[in-house]
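All values below were derived from every heavy atom in this structure, side-chain atoms included, with hydrogens, water molecules and symmetry-related copies excluded. Reminder, nothing fancy here: chain letters follow the sequence lines and each chain counts from 1. Source: prediction; values computed, not measured.
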Number of protein chains: 4
Amino acid sequence: MSPRTSKQYKEIREQSREKIMMAALELFAGRGFHNTSISQIAKQAGVAKGLIYNYFSSKEDLLHAIIDRALAEGDEFFAKMTGLSDARQQLRYLIGQSFELMETQFDYTKLLTSLSLQLDQFPGIMETVREKYSSTLPLLEQLLDRIGVEDAAGEAKLLAALLDGIGVQYIVLHHDYPLEEMKQLLYKRYNLNERS
Amino acid sequence: MSPRTSKQYKEIREQSREKIMMAALELFAGRGFHNTSISQIAKQAGVAKGLIYNYFSSKEDLLHAIIDRALAEGDEFFAKMTGLSDARQQLRYLIGQSFELMETQFDYTKLLTSLSLQLDQFPGIMETVREKYSSTLPLLEQLLDRIGVEDAAGEAKLLAALLDGIGVQYIVLHHDYPLEEMKQLLYKRYNLNERS
Amino acid sequence: MSPRTSKQYKEIREQSREKIMMAALELFAGRGFHNTSISQIAKQAGVAKGLIYNYFSSKEDLLHAIIDRALAEGDEFFAKMTGLSDARQQLRYLIGQSFELMETQFDYTKLLTSLSLQLDQFPGIMETVREKYSSTLPLLEQLLDRIGVEDAAGEAKLLAALLDGIGVQYIVLHHDYPLEEMKQLLYKRYNLNERS
Amino acid sequence: MSPRTSKQYKEIREQSREKIMMAALELFAGRGFHNTSISQIAKQAGVAKGLIYNYFSSKEDLLHAIIDRALAEGDEFFAKMTGLSDARQQLRYLIGQSFELMETQFDYTKLLTSLSLQLDQFPGIMETVREKYSSTLPLLEQLLDRIGVEDAAGEAKLLAALLDGIGVQYIVLHHDYPLEEMKQLLYKRYNLNERS
DNA sequence: AATGAATGAGGGTTCATTCAT
DNA sequence: GATGAATGAACCCTCATTCAT
């Protein structure tokens with residue numbers, strides 16, 4: 001029972017924080033922010049209610065931490081894209097990662113989508129999300145233009161909506177939704193199949 | 001002296017019920033169901049809290065009444081479609097009405113979209129929404145097929161997602177979203193412009 | 001449609017008042033005063049909620065009206081007793097009427113018994129009930145004395161308790177309670193059987 | 001620094017639970033279940049309203065906890081009886097304890113008596129109380145039989161009613177009621193006086 | 001770092017009572 | 001004499017948050 005090193009402490013802290021965030025993510029995504037109580041989160045995380053306030057100053061603060069991480073992880077997901085030489089490859093990568101994200105980060109996707117619809121209630125997030133939206137569009141447009149799509153500006157808007165729509169429908173129908181088929185449809189439409 | 005006639009009473013009831021439903025719709029859409037209190041609805045409707053329970057047995061019952069009406073109004077919006085002779089006209093009508101709905105029935109659209117993402121919490125609604133989804137798809141497919149689209153089945157899924165995606169983005173960005181432009185893009189893509 | 005005579009009016013009034021009191025009696029006895037709502041009474045009586053306030057100034061006032069009648073009817077029940085010449089006959093009559101009262105005026109009995117246990121809450125009734133109690137005892141004592149019971153004072157107290165206890169048990173067990181048998185036991189104990 | 005030991009927590013819980021139950025008992029007995037509010041209980045117990053729900057899932061659950069304890073304590077009161085050799089001693093003990101119970105556990109007695117009259121509203125309790133009633137009777141009969149009472153079956157029913165009646169009258173008249181005298185009357189009637 | 005008992009504002013809901021007709 | 005829509009206080013209960021340990 002020697003005193004823990006500060007490194008050990010840090011690790012413990014990290015673990016608890018992590019447990020709480022994961023529990024909260026699952027519940028916020030599944031039941032909605034306002035319909036999830038701190039007690040439920042504590043139980044799901046296997047910690048005492050009070051501990052949550054050692055790491056997060058409020059329920060909203062906890063939500064913000066989750067969102068920040070979601071956005072960061074989202075960025076990571078698309079990070080390698082600029083390394084790809086070819087516009088066609090980049091677009092394929094971007095679309096592929098979008099689907100990957102929906103599937104493997106379902107809770108994040110669901111939570112962010114839900115929150116998007118109630119942005120006015122979370123002013124802190126509003127700007128970030130709007131920026132994402134408005135920075136993605138030019139990128140898409142550029143890529144579409146470089147692969148020879150005619151009305152690249154218009155097509156970019158359609159593609160953006162399409163990806164969002166697929167996300168929503170996947171959230172709603174989940175296992176009944178033909179996610180893989182939708183990806184292939186997109187690949188085909190933009191001629192993105194490997195060796196084609 | 002004498003009590004009001006039952007017709008008078010019915011009218012009074014109708015009006016109050018209406019005020020309450022409109023207030024609730026606006027708040028549910030704007031702040032979310034769980035983040036809206038009965039007190040807020042009462043204040044917005046300009047009635048006493050208790051009166052709401054003369055018309056709805058619970059907050060959830062009130063929500064259901066709103067949803068039922070939303071679905072009914074949605075059906076009305078598409079009702080005339082079958083009267084149109086031409087598949088191209090029908091598709092144009094369907095898309096046009098979708099946009100009309102988003103714009104003029106913004107609150108209904110927003111509420112239903114939000115609830116879609118949390119269907120498991122409102123079991124009564126679940127089936128209805130899933131049915132809508134699964135009955136719309138074949139219809140789209142049929143129309144697309146009849147206007148000579150190649151992979152009508154795939155294209156129908158894309159179009160469905162597209163419309164949903166446009167809805168979501170319109171909800172999020174609202175006045176900043178180029179709704180009219182999106183409609184024209186869709187018309188163009190399916191060759192639906194009048195006299196074309 | 002000639003204007004009703006004041007006599008007709010009076011009759012109508014009487015009828016409505018009666019319906020309300022009967023409905024209230026049944027519900028107060030069955031569910032308790034505090035667990036019965038004005039709405040329930042109105043529904044049970046088949047009148048509008050508001051009408052109740054034409055006849056009674058408050059829920060409590062309605063209760064008091066019922067109690068007053070109950071006490072009056074109780075008095076009636078024992079009224080003929082003094083006409084009887086013989087002490088033995090009088091006692092038999094008193095006991096017999098007690099049982100008759102429990103059986104045919106079950107709701108009144110139940111309501112009064114319940115209220116007795118909560119007398120402090122209905123100060124208006126308190127004194128009346130206490131008086132009943134304390135005026136009945138000497139009467140019993142006198143009768144018992146006149147039929148030759150030894151410790152008439154003590155026996156009177158026992159008999160009073162006994163009658164109350166039978167009432168309570170009859171309320172609790174109701175159809176399972178051997179009311180008739182109890183009466184015979186009492187008759188036998190005080191030698192009150194006809195031609196004996 | 002470290003959290004309290006679970007033993008400390010248990011003790012704290014025990015105390016708070018106790019305070020709440022005692023406050024509720026007093027109020028339920030005094031004002032009736034439906035006429036007692038959670039706020040009143042909290043105030044009487046000296047705790048916050050919300051705390052009550054840390055210990056009891058609902059107002060009814062709190063009532064049930066009290067009843068369960070009342071019945072348990074009642075059982076304890078009569079537990080030693082079977083240890084007594086003589087039937088006469090047993091009967092004397094049973095009667096004596098009945099009076100002791102009324103006097104020292106006045107609130108419990110009052111609450112249970114009141115609830116008895118409204119059994120249909122508390123279905124969970126119904127059976128328990130009926131069982132008590134129907135198991136006590138044979139016991140009384142047996143004892144009376146063994147001390148040579150003639151119609152033991154009938155006498156048992158009278159005695160049971162008598163004890164209930166005394167209870168009710170004691171509740172109603174309380175300090176004005178000659179409880180001790182009644183006990184002596186019973187002892188005398190069944191010849192239960194010590195050294196007799 | 002961690003616990004969970006405790007608080008009290010505010011949630012959904014009920015209900016005695018009023019009042020225009 | 002009668003109706004029932006409307007009110008608002010008070011009900012039971014939930015929950016984010018605090019705090020002693």
Side-chain angles (χ1 to χ4, degrees), chain A residues 4 8-10 12-13 15-17 34 36-42 47-55 57-60 62, chain B residues 1-6 8-13 15-17 34-42 47-60 62, chain C residues 4 8-10 12-13 15-17 34 36-42 47-60 62, chain D residues 1-6 8-13 15-17 34 36-42 47-60 62:
Chain A
R4 276 170 263 215
Q8 281 174 316
Y9 267 125
K10 200 180 166 193
I12 289 175
R13 281 191 66 84
Q15 278 175 21
S16 289
R17 210 182 132 90
H34 290 296
T36 298
S37 74
I38 290 286
S39 288
Q40 288 169 336
I41 296 169
V47 302
K49 231 184 329 179
L51 188 60
I52 293 176
Y53 289 86
N54 275 12
Y55 297 101
S57 66
S58 71
K59 194 181 163 189
E60 261 201 36
L62 171 52
Chain B
M1 302 295 156
S2 5
R4 277 173 257 218
T5 65
S6 65
Q8 282 175 309
Y9 275 130
K10 198 180 165 195
E11 210 166 293
I12 291 174
R13 283 187 70 81
Q15 278 174 23
S16 290
R17 209 183 133 90
H34 290 296
N35 194 33
T36 298
S37 76
I38 290 286
S39 291
Q40 288 167 338
I41 296 170
V47 301
K49 234 184 337 171
L51 188 62
I52 292 175
Y53 291 88
N54 275 16
Y55 297 97
F56 305 95
S57 64
S58 68
K59 192 182 166 189
E60 258 201 40
L62 171 52
Chain C
R4 278 169 263 214
Q8 280 174 316
Y9 268 125
K10 199 178 165 194
I12 290 175
R13 280 192 66 84
Q15 277 175 22
S16 290
R17 210 183 132 91
H34 290 296
T36 298
S37 73
I38 291 285
S39 287
Q40 288 168 337
I41 296 170
V47 303
K49 231 186 324 179
L51 189 61
I52 294 175
Y53 289 87
N54 275 13
Y55 296 100
F56 306 96
S57 66
S58 70
K59 193 182 163 189
E60 260 201 37
L62 171 53
Chain D
M1 300 299 154
S2 7
R4 278 173 256 218
T5 64
S6 65
Q8 282 175 308
Y9 275 128
K10 198 180 165 194
E11 208 165 294
I12 291 174
R13 283 188 69 80
Q15 278 175 23
S16 290
R17 207 183 135 91
H34 290 297
T36 298
S37 75
I38 290 286
S39 289
Q40 288 168 337
I41 296 170
V47 302
K49 235 185 334 172
L51 189 62
I52 292 175
Y53 293 88
N54 275 15
Y55 297 97
F56 306 95
S57 64
S58 68
K59 192 182 164 189
E60 258 200 39
L62 171 53

Rounded to the nearest 0.5 Å, what separates atom CD1 in C:I38 from atom OG in C:S58? 8.0 Å

Who passes side-chain hydrogen bond (donor to acceptor under 3.5 Å, both in side chains) against D:T5, sequence neighbours left out? D:Q8

Closest approach of D:H34 and C:H34, non-hydrogen atoms and distance? CB-CB, 3.8 Å

Rounded to the nearest 0.5 Å, what's the gap from CD on B:E60 to CG on B:L62? Could you check? 10.5 Å

Find the distance between CZ (A:R17) and CG (A:L51) and round it off to the nearest 0.5 Å. 11.5 Å

Mind checking which stems touch DNA chain E? I mean at least 3 consecutive Watson-Crick or G-U pairs, both distances under 3.5 Å. E:2-21 with F:2-21

Spell out protein contact along nucleotides 6-13 of chain F as letters: B when the base is contacted, S when just the sugar-phosphate is, - when no protein heavy atom is under 4.0 Å; keep the 5' to 3' order. BBB-BSSB

Can you measure from OG (D:S39) to CD1 (D:I52) and round to the nearest 0.5 angstrom? 8.0 Å

Grab the CD1-P distance between B:I41 and E:dG10 for me, whole Å please. 17 Å

Closest non-hydrogen atoms of A:R13 and A:N54, given as atom of the first, atom of the second and distance, are NH2-O, 3.9 Å

Heavy-atom closest pair (C:A42 atom, C:A48 atom, distance to 0.1 Å) is CB-C, 4.0 Å

